[in-house]
**Q** 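For reference, the structure I am asking about is given below.
Sequence lines set the chain letters: A, B, ... in the order given, protein chains first and strands last, and positions in each chain run from 1.
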Amino acid sequence: MNFEYDETEQMLADSVHRFMDDTAGMEKARADAALDKGYSADSWNTCAEMGWLAAPFAEENGGFGLGAVGSMIVEEALGKGLSPLPYLTSVVFSGKILEQLGEAVEDLLEGVISGEKVLSIALHETGKGYGYETPSTTATLQNGEWVVNGAKSNVVSAGAADGFIVSATVDGDGFGLFYVEAGEVAANIREINLVDNRRAGHISFVAAKAARLDEGNGLEIFDNALDEVLIAAASENLGAMQAAFDQTLEYAKIRKQFGKELGKFQVLQHRLVDMSIKVEEARSIIMAAAMALKEGHEDAKSLSRAAWVQSLWSGRHVGEEAIQIHGGIGMTDELEIGDFVKRINANELLFGIPMHHIERYNTLMA
Amino acid sequence: MDLAFSPEDLQFYEHVRDTLAANLPADIEEKERLGQRLSKEDMLRWQDVLAANNWLAAGWPAEYGGPGFNATRRYLFEQAYGSLYAPPPVQFGITMVGPVIYNYANQEQKDRFLPAIRENKVWWCQGYSEPGAGSDLASLKTKAVRDGDHYVVNGQKTWTTWAHWADWMFCLVKTDTTCKPQAGISFLLIDMKTPGITIRPIKTIDGDHEVNEVFLENVRVPVENLIGEEGAGWGYGKALLEHERFIMSGSARSRRNLKELRKQVAANSPFAQEISRLEIQLRALEFLELRLLSTMNAGGNPGPRASALKIRGTEIAQAISRLRLEMLGPDAVGVSQGFMEADGSLPAGPAEAAMAMPTYLNLRKLTIWGGSNEIQRMVMAKATLGL
Ligand SMILES: Cc1cc2nc3c(=O)[nH]c(=O)nc-3n(C[C@H](O)[C@H](O)[C@H](O)COP(=O)(O)OP(=O)(O)OC[C@H]3O[C@@H](n4cnc5c(N)ncnc54)[C@H](O)[C@@H]3O)c2cc1C
């Protein structure tokens with residue numbers, strides 16, 4: 001049992017945090033979101049050069065073998081920096097699906113790790129909430145080739161992606177995972193802004209040529225990848241809530257009303273202490289979940305869900321309190337506080353509300 | 001004790017609801033239902049309907065041209081109104097400056113300002129808060145110095161809701177800096193067209209422009225725009241805040257919104273649990289509201305206990321907006337419609353999803369403004385618990 005970073009982990013944390021401190025933050029994130037891709041290609045290249053994209057993958061697959069601990073460390077910094085970089089969707093979600101598939105997708109995984117390819121996940125369908133297991137999108141074999149038909153919504157970084165991993169229902173064979181090159185759907189992507197400076201797209205797949213990725217075990221592959229995605233996304237929430245808390249604490253020390261700093265009022269002292277506890281609870285369970293998954297503990301799956309749900313409870317509490325304790329100024333677009341709140345909320349909606357994951361947690365613990 | 005309203009009162013409720021429903025323009029109702037923003041013109045159009053029934057200044061006594069509802073009718077009016085997707089009227093004229101004017105102004109001022117408020121002719125904004133004076137309003141610094149038959153006003157107001165649409169602003173200003181802070185504050189009415197006023201928009205986290213900074217530089221305000229006595233403005237302003245609190249529970253709107261959520265889920269859905277949890281809290285609040293009303297009908301004064309309505313009403317309204325987001329799930333993660341998307345189009349998906357996140361973000365204001373919930377709790381601690 002050891003919750004301290006080792007030398008490699010510390011180096012990774014230091015370098016990615018330093019990079020975020022120098023290059024990220026609200027102004028930059030907003031400007032980057034308005035770029036063609038919705039993020040800075042330069043920053044992405046730096047991530048690749050520094051090896052951050054390789055951090056979570058096994059050494060035999062060209063990674064640094066840090067597993068979920070690696071993606072956790074990188075994501076915390078991205079959350080703090082409000083970064084719109086497609087790390088979660090391309091590296092963690094797509095990468096962790098590909099990593100389970102072996103040689104057939106070697107080139108794709110190599111592209112993801114080197115940063116040359118950016119992939120995204122086409123999962124959500126309008127009006128279906130979190131009913132992932134039964135996509136309305138279909139995949140059928142035509143003359144020996146797979147084609148995908150259907151509409152996916154809120155596909156993160158859709159406009160910048162080189163390809164999509166698409167969930168679809170296979171005739172007579174249930175849930176399947178497919179790979180579709182961006183060129184197949186280029187004309188059918190409607191880009192939108194997410195609430196938090198990330199871009200996404202609604203995509204119609206019209207007889208889009210596809211390659212099947214799974215062998216009937218798509219749900220299992222998907223669920224395994226989700227274990228790490230949830231921890232990484234929880235860590236992004238952690239970065240955001242830690243920063244929102246830090247800024248609120250700072251503000252409480254300088255803002256004066258009734259002749260005193262806000263932080264001198266006992267009511268607010270207690271509230272700030274509660275916020276700090278929420279952050280620490282989230283941090284602890286996220287670290288534990290990342291280690292459990294990396295080390296292959298048997299309760300890794302339930303811990304991943306637990307870490308995710310705690311990050312949402314903590315994130316919501318900290319975010320709402322951060323706005324409240326700032327007062328009117330907390331409601332303005334000029335502070336980073338609102339952007340942290342939006343990032344945490346967007347992640348919640350994209351990766352699933354507590355109720356959804358608690359259902360899964362119930363079955364895992366039963 | 002008797003839980004039911006009288007048949008006459010219930011008839012009144014139905015009459016208000018049916019009349020408002022019959023006259024509510026379909027486009028405005030649709031915007032309100034989807035949580036979309038209303039233009040100034042939309043608001044004025046709807047308030048004209050209210051004014052035509054003399055229901056704009058619904059809380060005013062008959063002697064000042066209002067409908068003269070008793071406390072029960074006033075409550076039922078709010079309930080009937082809040083059950084519809086009708087935009088709430090702009091409060092600044094009718095529940096804020098109006099009562100100050102009819103309680104404390106001279107006859108000439110009453111004649112000049114009250115009819116225009118009642119008839120939806122003038123848009124008012126509230127110039128209280130300043131960068132350094134929020135919860136601690138008495139520390140405000142905007143100064144008004146007497147110069148012949150004018151006050152010369154210098155300073156800055158902030159968070160001024162709809163200053164950019166307003167014709168007039170009621171303002172707390174410092175006329176005496178030598179005495180205790182509260183004693184040097186006066187209540188001044190300022191025509192927004194007066195030279196020296198600059199308005200700077202503040203964009204909020206929901207992407208909207210509702211609030212503003214208002215800079216006042218050598219703004220000359222005729223002395224006849226002072227309400228009551230110089231230095232007595234704090235008392236007027238405070239009385240007004242108490243007035244505000246009773247209608248701040250927003251329980252009728254919360255009920256309407258919960259009803260809408262209930263329609264969308266099966267009884268065995270886990271969301272139904274959450275809806276019921278909030279609905280039970282809301283019902284407790286509604287009956288607390290009725291008990292305070294009953295105190296008033298019996299000639300009592302609910303006083304600072306009314307703060308409880310503001311505290312719980314705003315917390316419940318926020319929780320409902322939060323639940324709505326969760327029920328919409330990923331469909332609510334995109335933005336649209338004035339919220340960063342330039343072409344004003346809605347994203348694919350249920351139309352009501354588009355504004356769920358902006359609404360959730362916007363409603364964070366409920367616990368901050370109108371006397372923050374922390375300040376309300378302090379009022380209750382002191383005045384109702386004797387702490
Ligand atoms: C959307 C919006 C619209 C508004 N419209 C108007 C308007 O039209 N006109 C107008 O005049 N004002 C308006 N306001 C301003 C509003 O009234 C103030 O924001 C409010 O009074 C709080 O002041 P503040 O923002 O300076 O926060 P602060 O007073 O700095 O308070 C910050 C936080 O500290 C808490 N706090 C302060 N003192 C204490 C204490 N002693 N003990 C415990 N907690 C404390 C507060 O509750 C709050 O949570 C608006 C505000 C918003 C958000």
Side-chain angles (χ1 to χ4, degrees), chain A residues 33 123-131 151 153-154 156 190 192-198 200 202 255-260 262 265 267-268 271 316 319-320 323-335 337-339 341-342 345-356 358-359, chain B residues 129 131-139 158-159 202-211 269-271 273-274 318 322 325-336 339-342 345-350 353 356-358 360-362 364-365 367-369 372-375 377-378 381:
Chain A
L123 185 65
H124 299 299
E125 295 176 353
T126 298
K128 288 196 75 158
Y130 302 101
S153 52
N154 299 306
V156 178
R190 204 180 128 223
I192 59 157
N193 293 318
L194 297 187
V195 292
D196 69 339
N197 289 331
R198 276 178 294 185
H202 302 317
R255 168 71 171 174
K256 281 188 178 171
Q257 288 289 277
F258 305 101
K260 280 199 276 190
L262 294 177
F265 298 115
V267 167
L268 297 185
R271 300 260 293 270
R316 180 189 312 174
E320 291 180 352
I323 294 175
Q324 183 68 23
I325 292 175
H326 273 85
I329 196 109
M331 287 292 297
T332 67
D333 200 44
E334 289 156 39
L335 257 57
I337 297 297
D339 283 32
V341 170
K342 288 180 222 177
N345 274 290
N347 280 344
E348 171 168 352
L349 296 180
L350 284 172
F351 299 105
I353 60 174
M355 189 188 288
H356 169 72
I358 286 174
E359 259 176 56
Chain B
S129 306
S135 302
D136 181 16
L137 191 56
S139 68
T158 192
W159 315 126
I202 301 175
K203 192 175 165 195
T204 40
I205 52 177
D206 55 334
D208 203 3
H209 169 206
E210 223 174 63
V211 291
S269 154
F271 284 120
Q273 291 266 344
E274 294 300 306
Q318 289 178 338
R322 174 78 226 175
L325 259 189
E326 291 173 32
M327 289 175 62
L328 287 161
D331 290 336
V333 75
V335 293
S336 65
F339 191 61
M340 289 193 265
E341 198 143 66
S345 61
L346 294 167
M357 180 69 86
Y360 163 72
L361 293 167
N362 181 279
R364 304 313 310 166
K365 74 186 176 192
T367 46
I368 296 172
W369 73 2
S372 75
N373 285 23
E374 288 77 21
I375 296 300
R377 285 183 165 94
M378 286 180 0

**Q** Check the pair B:Q318, A:E320 against side chain to side chain contact (heavy atoms under 4.5 Å, CB included), reporting the backbone distance first and the verdict last.
**A** CA-CA 10 Å; B:Q318 289 178 338; A:E320 291 180 352; 6.0 Å; no
**Q** Look at A:H326, A:K128, A:Q324, A:H356 and state which one has the largest set of heavy-atom pairs under 4.5 Å with chain B.
**A** A:Q324
**Q** Any side-chain to backbone donor/acceptor pair from A:N154 onto B:P330? Under 3.5 Å, distance only.
**A** yes
**Q** Looking only at heavy atoms and a cut-off of under 4.5 Å, which of A:N345, A:L350, A:V341, A:L268 has the most pairs with chain B?
**A** A:N345
**Q** For A:E359 and B:P270, which heavy atoms make the closest approach, and how far apart are they?
**A** OE2-CG, 4.0 Å
**Q** Please list, chain by chain and in numerical order, all residues satisfying ring-ring contact (aromatic ring centres under 6.0 Å, His included) with B:F271, sequence neighbours excluded.
**A** none
**Q** Tell me, side chain or backbone of A:E125 under 4.5 Å from chain B's heavy atoms, or both, or neither?
**A** backbone
**Q** If we only count heavy atoms from C-beta on, is the B:I202 to A:E334 side-chain gap below 4.5 Å?
**A** yes
**Q** Select one option (side chain, backbone, both, neither) describing which atoms of A:A200 are under 4.5 Å from chain B's heavy atoms.
**A** neither
**Q** In Å, rounded to the nearest 0.5 Å, how long is the span from CG of B:L328 to OG1 of A:T126?
**A** 11.5 Å
**Q** Under the 3.5 angstrom rule, does the side chain of A:K342 hit a backbone N or O of B:I205 as a donor-acceptor pair?
**A** yes
**Q** If every non-hydrogen atom of B:D331 is compared with every non-hydrogen atom of A:S153, which pair is closest and at what distance?
**A** OD1-OG, 4.3 Å
**Q** Return yes if some donor-acceptor pair links the side-chain N/O of B:D136 with the main-chain N/O of A:Q257 below 3.5 Å, else return no.
**A** no
**Q** Show the numbers, then the answer: is there a side chain to side chain contact (heavy atoms under 4.5 Å, CB included) between A:V267 and B:M378?
**A** CA-CA 10 Å; A:V267 167; B:M378 286 180 0; 5.6 Å; no
**Q** Which one of B:S139, B:G134, B:S129 has the most heavy-atom pairs closer than 4.5 Å to chain A?
**A** B:G134
**Q** Is there a donor-acceptor contact under 3.5 Å from the side chain of A:E348 to the main chain of B:G329?
**A** no
**Q** Could you tell me which portion of A:I353 (side chain, backbone, both or neither) has an atom closer than 4.5 angstrom to a non-hydrogen atom of chain B?
**A** side chain
**Q** Please look at A:R198 and chain B and tell me whether the side chain, the backbone, both or neither of the residue comes under 4.5 angstrom of a heavy atom of that chain.
**A** neither
**Q** Checking heavy atoms, do the side chain of A:I329, its backbone, both or neither come under 4.5 Å from chain B?
**A** both
**Q** Among the options B:E374, B:K365, B:E274, B:M327, pick out the one with the most heavy-atom pairs lying under 4.5 Å from chain A.
**A** B:E374
**Q** Applying side chain to side chain contact (heavy atoms under 4.5 Å, CB included), run through B:I368 and A:I323 and close with a yes or a no.
**A** CA-CA 9 Å; B:I368 296 172; A:I323 294 175; 4.0 Å; yes
**Q** What part of A:M355 is in contact with chain B, defined as an atom under 4.5 angstrom from a non-hydrogen atom: side chain, backbone, both or neither?
**A** side chain
**Q** Quick one: what part of B:R377 sits under 4.5 Å from any heavy atom of chain A, side chain, backbone, both or neither?
**A** neither
**Q** With a 4.5 angstrom heavy-atom cut-off, could you sort out which part of B:A133 is near chain A: side chain, backbone, both or neither?
**A** backbone
